[in-house]
Amino acid sequence: MNISLILRKVFYNPYKSVDKYKKMVFCGHENILQKSFKLDIRVNSEEKRICIGEKNFLGCALVLESDTGYIEIGNSCFINGGTNIISRSSVIIGDFVTIAWGVTIYDHDSHSLNYLDRRNDIEQQLNDFTSGNFIRNKNWAFVSSAPIVIKNDVWIGMNVIILKGVTIGEGAIIAAGAVVTKNVDPWTIVAGNPAKYVKSINILEAKNNDE
């Protein structure tokens, strides 16, 4: 069977997939968006809120939960299906980043620490559910949020959780199942819950092996 026919069956046309959100999404050239790729934009905006570079292979869901959210993906990244990138602050992903399936990247706490605020959230969600956007009128005033930055050449294993305010340094590796609550140094491996330093990566050795 002709390979181009296979690709047409398996993958969406990237421009057709984002056409619904032209005002809010920029998508570069030569991206492959798998059938699992999803845009969940719960806001109305005239600004670009999602920016996708070039030559990416994406199966993830990109979720904007408020009109302050912003998601940026660089170039030549692989982000597998079952991964959710959720923003009301900002999530910035660099170039050549590899993210396995089942990863959650979440730049806010979703709810207040105050139980009375959470009661109000439930009532608001019940009221807004029939509108098709159950957080349409969510009160974000008491929800803590902070930007997430994932730098170039990072590898994130399956079922990792990355929480608000975290910067993952260049070339770092996050082991499967880790929960990242603090910054990760460049060229290091972290694992566990909460994620802790395991060892450093010899970048000079990696470069020499590549030559």
Side-chain angles (χ1 to χ4, degrees), residues 36 38 40 42 50 56-66 68-74 77-122 125 135 138-206:
S36 58
K38 179 182 178 183
D40 185 354
R42 304 172 186 176
I50 292 177
N56 297 292
F57 191 111
L58 306 179
C60 54
L62 306 181
V63 184
L64 291 182
E65 293 197 314
S66 83
T68 60
Y70 178 76
I71 297 172
E72 181 177 314
I73 298 171
C77 295
F78 174 85
I79 307 178
N80 214 337
T83 286
N84 295 291
I85 301 171
I86 304 164
S87 177
R88 86 162 290 255
S89 179
S90 69
V91 178
I92 309 293
I93 297 172
D95 301 331
F96 303 103
V97 172
T98 300
I99 302 179
W101 51 265
V103 173
T104 300
I105 301 172
Y106 215 145
D107 71 5
H108 64 85
D109 285 346
S110 190
H111 299 284
S112 168
L113 297 179
N114 187 316
Y115 75 97
L116 294 175
D117 293 331
R118 295 197 299 274
R119 286 187 182 183
N120 290 333
D121 283 346
I122 293 171
Q125 289 168 355
I135 60 169
K138 181 177 177 66
N139 182 2
W140 292 99
F142 304 108
V143 178
S144 180
S145 63
I148 292 171
V149 178
I150 299 171
K151 297 194 175 181
N152 296 348
D153 294 298
V154 167
W155 175 20
I156 299 172
M158 61 185 179
N159 296 323
V160 165
I161 298 174
I162 299 172
L163 299 178
K164 70 178 193 303
V166 164
T167 294
I168 298 177
E170 182 180 9
I173 297 174
I174 314 300
V179 179
V180 183
T181 61
K182 295 181 180 179
N183 292 347
V184 177
D185 289 336
W187 306 107
T188 61
I189 299 174
V190 300
N193 180 8
K196 294 183 179 179
Y197 171 86
V198 174
K199 67 177 184 178
S200 296
I201 299 166
N202 189 331
I203 180 59
L204 293 178
E205 180 180 329

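All values reported here derive from a predicted model rather than from experimental measurement.
Between the side chain of S89 and the main chain of T68, no donor-acceptor pair closer than 3.5 Å is present. Distance alone, capped at 3.5 Å, places no donor-acceptor pair between the S87 side chain and the G69 backbone. A donor-acceptor contact shorter than 3.5 Å links the side chain of N152 to the backbone of D95. No donor-acceptor pair closer than 3.5 Å links the side chain of R88 to the backbone N or O of L64. Between the side chain of K138 and the backbone N or O of S110, at least one donor-acceptor pair lies under 3.5 Å.
Judged purely by distance below 3.5 Å, without hydrogens or angles, the side chains of D107 and S145 never pair a donor atom with an acceptor atom.
In terms of heavy atoms, S112 sits closest to D117 at OG-OD2, 2.9 Å. Among all heavy-atom pairs drawn from I85 and C60, the shortest one is CD1-SG, 4.4 Å. Shortest non-hydrogen contact noted between G102 and T83 is N-OG1, 3.6 Å. Closest approach of Y197 and T188 over heavy atoms only: CE1-CG2, 3.9 Å.
Rounding to the nearest 0.5 Å gives a distance of 10.0 Å between NZ of K196 and OG1 of T181. Considering CD1 of I50 and OH of Y70, their distance stands at 10.0 Å, rounded to 0.5 Å. Rounded to the nearest 0.5 Å, atoms CG (D153) and CD (E170) are 6.0 Å apart. Note that the OG1 atom of T98 and the CZ atom of F57 stand 12.0 Å from one another [nearest 0.5 Å]. Rounding to the nearest 0.5 Å gives a distance of 11.0 Å between CD1 of I162 and OG1 of T167.
N84 pairs by the side-chain contact (heavy atoms from CB on, under 4.5 Å) definition with A61, I86, not counting sequence neighbours. Every side-chain contact (heavy atoms from CB on, under 4.5 Å) that W101 has, sequence neighbours left out, goes to N80, M158, N159. For the side-chain hydrogen bond (donor to acceptor under 3.5 Å, both in side chains) test, no residue two or more places apart in sequence or in another chain qualifies with K151. Every side-chain contact (heavy atoms from CB on, under 4.5 Å) that I122 has, sequence neighbours left out, goes to L126. Residues forming a side-chain contact (heavy atoms from CB on, under 4.5 Å) with A191 (at least two apart in sequence, or on another chain): A175, V198. Considering only residues two or more places apart in sequence or on other chains, Y106 meets the ring pair (Phe, Tyr, Trp, His ring centres under 6.0 Å) condition with H108.
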Quiz item: Would I73 and L62 count as a side-chain contact (heavy atoms from CB on, under 4.5 Å) if you check the C-alpha gap in whole Å, the side-chain angles of each, and the deciding distance to 0.1 Å?
Solution: CA-CA 10 Å; I73 298 171; L62 306 181; 4.1 Å; yes

Quiz prompt | side-chain contact (heavy atoms from CB on, under 4.5 Å) assessment of I79 paired with I93 | solution = CA-CA 11 Å; I79 307 178; I93 297 172; 4.2 Å; yes

Exercise. Could you please spell out the steps behind the side-chain contact (heavy atoms from CB on, under 4.5 Å) verdict for L116 and F142?
Key: CA-CA 11 Å; L116 294 175; F142 304 108; over 6 Å; no

Quiz item: Passes side-chain contact (heavy atoms from CB on, under 4.5 Å), I150 versus I105? Steps please.
Solution: CA-CA 10 Å; I150 299 171; I105 301 172; 3.8 Å; yes

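L113 CG: 12 or fewer foreign heavy atoms inside a 6.0 Å radius. Environment of CH2 in W140: crowded, with over 12 heavy atoms of neighbouring residues, nucleotides or ligands closer than 6.0 Å. Within 6.0 Å of atom CZ in R118, more than 12 heavy atoms from other residues, nucleotides or ligands are found, so the atom counts as buried in its surroundings.
Each of I174, N183, I173 was compared with I168 under the side chain to side chain contact (heavy atoms under 4.5 Å, CB included) criterion, and only I174 meets it.
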